[in-house]
Trainee: 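Let me give you the structure first, and then I'll get to my questions.
Throughout, a chain's letter reflects where its sequence line sits, starting with A, and its residues are numbered from 1.
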Protein chains: 2
Amino acid sequence: MMPPRTQASAPTGEPDPSRRNNLSLLTSLVHHHGVLSRAQLTRQTGLNRSTVGTLIGHLTSLGLVYESAPSGEGQVGRPSPEVHPSPSIAALAVNPEVDAVTIGLVSLGGKVQKKIRFETERIPSAREAVNIAAAVIAGMRSELDASYRITGVGMAVPGLVNRDDGVVRHAPHLGWRNEPVARMLSEAAGYPCQAANDASLGAEAELIFGAGAGTSAGQGNLIYLNGGASGIGGGIIADGQLLRGASGYAGELGHTFVRSGGSACHCGATGCLETEVSQSRLMELAGLSSGDTADLEEALGNSRSAAVDDEVGRQLTYLGIALRNAVNIFNPDAIVLDGFLGTLHALAPASLDAILRSQAMDGPAGQAKIYRAALGSDLMMIGAAELAFTPFLADPAGLGPTPGTIPAPASRTG
Amino acid sequence: MMPPRTQASAPTGEPDPSRRNNLSLLTSLVHHHGVLSRAQLTRQTGLNRSTVGTLIGHLTSLGLVYESAPSGEGQVGRPSPEVHPSPSIAALAVNPEVDAVTIGLVSLGGKVQKKIRFETERIPSAREAVNIAAAVIAGMRSELDASYRITGVGMAVPGLVNRDDGVVRHAPHLGWRNEPVARMLSEAAGYPCQAANDASLGAEAELIFGAGAGTSAGQGNLIYLNGGASGIGGGIIADGQLLRGASGYAGELGHTFVRSGGSACHCGATGCLETEVSQSRLMELAGLSSGDTADLEEALGNSRSAAVDDEVGRQLTYLGIALRNAVNIFNPDAIVLDGFLGTLHALAPASLDAILRSQAMDGPAGQAKIYRAALGSDLMMIGAAELAFTPFLADPAGLGPTPGTIPAPASRTG
DNA sequence: ATAATATGTTTGTCTCTAGAACAATTCATT
DNA sequence: AATGAATTGTTCTAGAGACAAACATATTAT
């Protein structure tokens with residue numbers, strides 16, 4: 001049968017764009033939802049069930065997903081097998097901070113398999129952060145080679161990152177400028193590497209796996225704001241797509257103008273959200289000299305001081321101005337607050353809502369709901385890994401075979 | 001040959017998604033560029049030249065494009081015929097304003113064939129605007145039926161418009177609230193109708209046919225700001241897509257916070273860009289009691305008054321704050337200023353640039369270039385028409401046949 | 001137990017795109 | 001003026017992929 005192809009496409013040649021697109025669609029669905037029955041996949045994709053059958057077979061033979069026995073839910077009709085993302089497909093995540101570099105291993109489906117926090121004596125340079133990451137990855141190497149297929153490394157950096165070339169333009173708190181971290185880590189670790197702004201990745205992670213997953217924000221209009229010791233970062237998802245901008249710098253909501261005559265910000269302007277709303281001021285008032293967001297939340301919750309109340313109110317007002325702007329501009333479904341911004345909101349949940357209701361424009365204000373972030377300390381790992389999963393998800397069949405697995409022959413015809 | 005199809009897809013049944021997608025791609029390219037040779041289409045789409053041949057043949061037989069003799073440019077090789085958008089494919093555009101309702105006919109390729117400005121004694125109600133538009137369209141009806149295929153009607157409304165259902169949520173200057181204008185006009189005019197915010201449509205029009213067409217903003221990161229007698233409207237295009245938000249309300253840059261303690265805005269907040277930067281203040285200072293943007297520009301250009309200079313400087317400062325925010329958030333390639341904002345910028349071209357350079361963050365500031373709008377009075381017509389073209393462009397083959405044209409039989413096999 | 005329902009599986013057909021071979025048309029060179 | 005090189009349109013064929021129909025299977029409802 002099947003006459004020898006005259007000279008057709010190269011052996012590794014990509015299949016039809018249509019096929020690639022459908023495989024990508026299925027893989028992404030399984031990745032995002034964790035588990036889905038074949039019947040659900042059929043409905044969600046709109047594809048024919050025979051087509052889904054073929055495609056899932058293809059993905060299974062590639063080792064990207066596996067099927068398990070139907071859960072036996074009380075449904076009429078033949079039970080549909082469940083499709084799971086293969087835990088052996090994984091991405092590495094790297095997140096440099098002022099006091100540590102965290103390296104993680106995240107498998108398809110967004111499950112954090114491993115997380116190693118490497119504390120540093122002082123703020124790491126880009127080279128140091130890369131070396132630390134590369135060393136930890138080297139240590140994991142034999143395990144990775146034996147049991148995983150790594151799609152790549154994603155790096156979440158607190159600063160402006162050009163997503164196209166992986167160069168950190170400026171990370172003020174780390175003191176990095178024009179560091180080509182993606183290339184550096186790629187060379188040092190031996191895996192393809194990409195880098196992006198941490199809050200942008202946080203936004204994606206919260207949308208897919210966190211606060212946005214259950215809500216109507218699943219439609220894809222979400223604003224994520226994270227308040228940390230070093231400032232406020234933001235990420236925006238519009239119509240399902242992360243807002244990147246011309247070079248991937250988009251999303252810097254921390255430098256929204258909120259006050260005339262405010263003090264100068266390190267960014268060069270005055271009156272930025274980040275200078276008016278800061279964790280350190282709250283820490284001082286709460287009488288904490290050190291500690292993290294959790295400590296702060298406890299201290300503020302127990303405080304009965306008027307000064308604390310005033311400052312909380314003040315900061316909520318400025319945060320409200322920034323959110324009002326953002327709501328008018330983006331008309332989001334959801335606003336997700338993380339870090340101490342989540343704390344602020346939790347202290348007076350009605351406050352921000354009221355500000356939006358009264359100050360934002362009627363239409364958009366009615367829709368935006370404020371949530372607290374849900375992913376906690378796994379957020380950066382999941383977000384960074386997503387960066388490395390993205391190219392894989394766009395062409396799932398393009399990945400090499402799983403180690404220790406005999407790749408199934410493509411021909412099932414005959 | 002070809003056995004009678006068992007029962008295959010319904011006669012009007014849509015073809016393969018792949019085919020639809022490719023037809024859409026080609027039609028959009030031709031629409032946006034006006035003229036393209038087949039060879040250029042082949043390169044830009046990445047499709048095979050035989051495929052492009054088939055597809056163009058299909059589009060030609062549908063009457064959507066036509067080919068003309070090669071321009072005979074000095075190129076080696078066989079000349080490639082030029083593909084033009086058919087001028088008989090057209091959309092209707094409607095733009096209600098405080099003092100007039102303008103109705104236009106725009107053909108594929110963005111050419112305004114006809115524009116009728118119907119001045120009103122007083123601010124038109126939604127019903128009046130719809131009736132005026134329907135009456136003008138009815139008057140054109142025989143001509144339309146004879147020579148055009150109308151893809152639909154697009155309405156550009158100065159206010160918050162829910163794009164999904166075509167309901168005007170609030171158009172403050174027209175005094176409209178919750179008016180289902182799309183449905184009203186659709187019923188009155190007998191064509192499918194959609195509505196959207198005027199500045200959003202302006203952003204699309206400027207990106208495709210105006211200031212964004214030649215520049216790197218063709219990549220798709222553009223901010224459009226229009227200043228008119230009644231306020232400031234904004235539209236944002238991110239990564240090639242118009243920012244819509246959860247309900248299509250996105251883009252309201254006119255209500256960016258720019259000043260603490262500013263006066264109250266009709267939107268409910270204080271310190272909005274729109275209240276601080278206004279055409280009427282400039283008109284007063286320039287000694288104009290009435291007139292349009294052109295009059296204002298002339299008066300300001302000739303003025304030597306210090307009060308005028310101060311006010312221009314003051315407004316530029318506030319505009320700069322709003323632009324600084326927008327640049328930090330969107331990292332655009334281009335900022336397009338229209339109306340009196342274009343005038344302000346033209347009066348002191350270095351001013352806004354300097355503000356961005358010093359106040360916006362390093363990365364994004366370096367890329368954003370400020371342009372003046374290029375489409376002038378055709379802008380709203382082109383933008384509104386684009387709204388009606390969009391569904392057509394997504395499925396060009398779905399449109400009915402051209403009047404007076406015998407539809408080519410689908411079968412060319414035999 | 002039987003019917004109804006939902007879903008996996010198999011098979012054949014149809015549509016669409018790419019590629020090869022050929023034809024056409026222009027510019028450059030001799 | 002003739003020839004060659006380059007580029008593109010045209011025709012034909014083949015291969016890939018998705019869908020629909022028919023059948024098989026597994027569960028719930030009666």
Trainee: Distance check needed: C:dT17 P versus B:I56 CD1, whole Å only.
Mentor: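 In whole Å, C:dT17 P and B:I56 CD1 are 12 Å from each other.
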Trainee: For A:S18 and A:D16, test the side chains for any donor-to-acceptor distance below 3.5 angstrom and give the result as yes or no.
Mentor: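 The criterion, which ignores hydrogens and geometry beyond distance, is not satisfied for A:D16 and A:S18.
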Trainee: Does a side-chain N or O of A:R43 approach OP1 or OP2 of C:dT7 to a distance below 4.0 Å, or not?
Mentor: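 Affirmative; the distance criterion is met.
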Trainee: Considering heavy-atom distances to DNA chain C, does B:V76 or B:S50 have its closest nucleotide positioned more toward the 5' end?
Mentor: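 In this pair, the answer is B:S50.
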Trainee: In whole angstroms, how far is the P atom of D:dT27 from the CD atom of A:E82?
Mentor: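 Taking atom P of D:dT27 as the reference, CD of A:E82 is at 13 Å.
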Trainee: Could you tell me if the ring centre of A:H31 sits under 6.0 Å from that of A:F392?
Mentor: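 Distance test on ring centres: not under 6.0 Å, no.
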Trainee: Is it true that A:E204 and A:R163 have a side-chain N and a carboxylate O under 4.0 angstrom from each other?
Mentor: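 So A:E204 pairs with A:R163 through a salt bridge.
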Trainee: Would you mind reading off the distance between A:H58 atom NE2 and D:dG17 atom P, rounded to a whole angstrom?
Mentor: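 Those two atoms, NE2 and P, are 8 Å apart.
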Trainee: Considering every strand and a 4.0 Å limit on heavy-atom distances, what is the contact class for B:P81: base, sugar-phosphate, or nothing?
Mentor: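 Sugar-phosphate, no base atom in range.
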Trainee: Tell me which nucleotide among D:dA22, D:dC19, C:dA24 gets nearest to the side chain of B:R78.
Mentor: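 Of all the options, the side chain of B:R78 is nearest to C:dA24.
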Trainee: Are any of the side-chain nitrogens in A:R183 or A:D165 under 4.0 Å away from the carboxylate oxygens of its partner?
Mentor: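 Judged by the 4.0 Å cut-off on N to carboxylate O distance, A:R183 and A:D165 do not form a salt bridge.
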Trainee: Is the phosphate of C:dG19, meaning OP1 or OP2, less than 4.0 Å from a side-chain N or O of B:N48?
Mentor: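 For C:dG19, OP1 or OP2 has a side-chain N or O of B:N48 closer than 4.0 Å.
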Trainee: When you measure from the side-chain N and O atoms of A:N22 to the phosphate of D:dG17, is any distance below 4.0 Å, counting only OP1 and OP2?
Mentor: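 Result: no.
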Trainee: Confirm from the modelled atom types if B:R49 and D:dG9 form a donor-acceptor pair under 3.5 Å, side chain to base only.
Mentor: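 Such a pair exists between side chain and base.
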Trainee: If you check the B:S80 side chain, which of D:dC19, D:dT8, C:dT17 turns out closest?
Mentor: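 Nucleotide nearest to B:S80's side chain: D:dT8.
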Trainee: Please determine whether a side-chain nitrogen or oxygen atom of A:S18 lies at a distance below 4.0 Å from atom OP1 or OP2 of D:dA18.
Mentor: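 A:S18 to D:dA18 OP1/OP2: side-chain N or O found under 4.0 Å.
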Trainee: Donor-acceptor pair under 3.5 Å: do we get one between A:R19's side chain and the base of D:dG17?
Mentor: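 Under the 3.5 Å cut-off, the side chain and the base do not form any donor-acceptor pair.
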Trainee: Using heavy atoms to find the nearest nucleotide of DNA chain C for A:G77 and B:L55 separately, return the residue whose nucleotide is more 5′.
Mentor: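 Its nearest nucleotide being more 5', the pick is A:G77.
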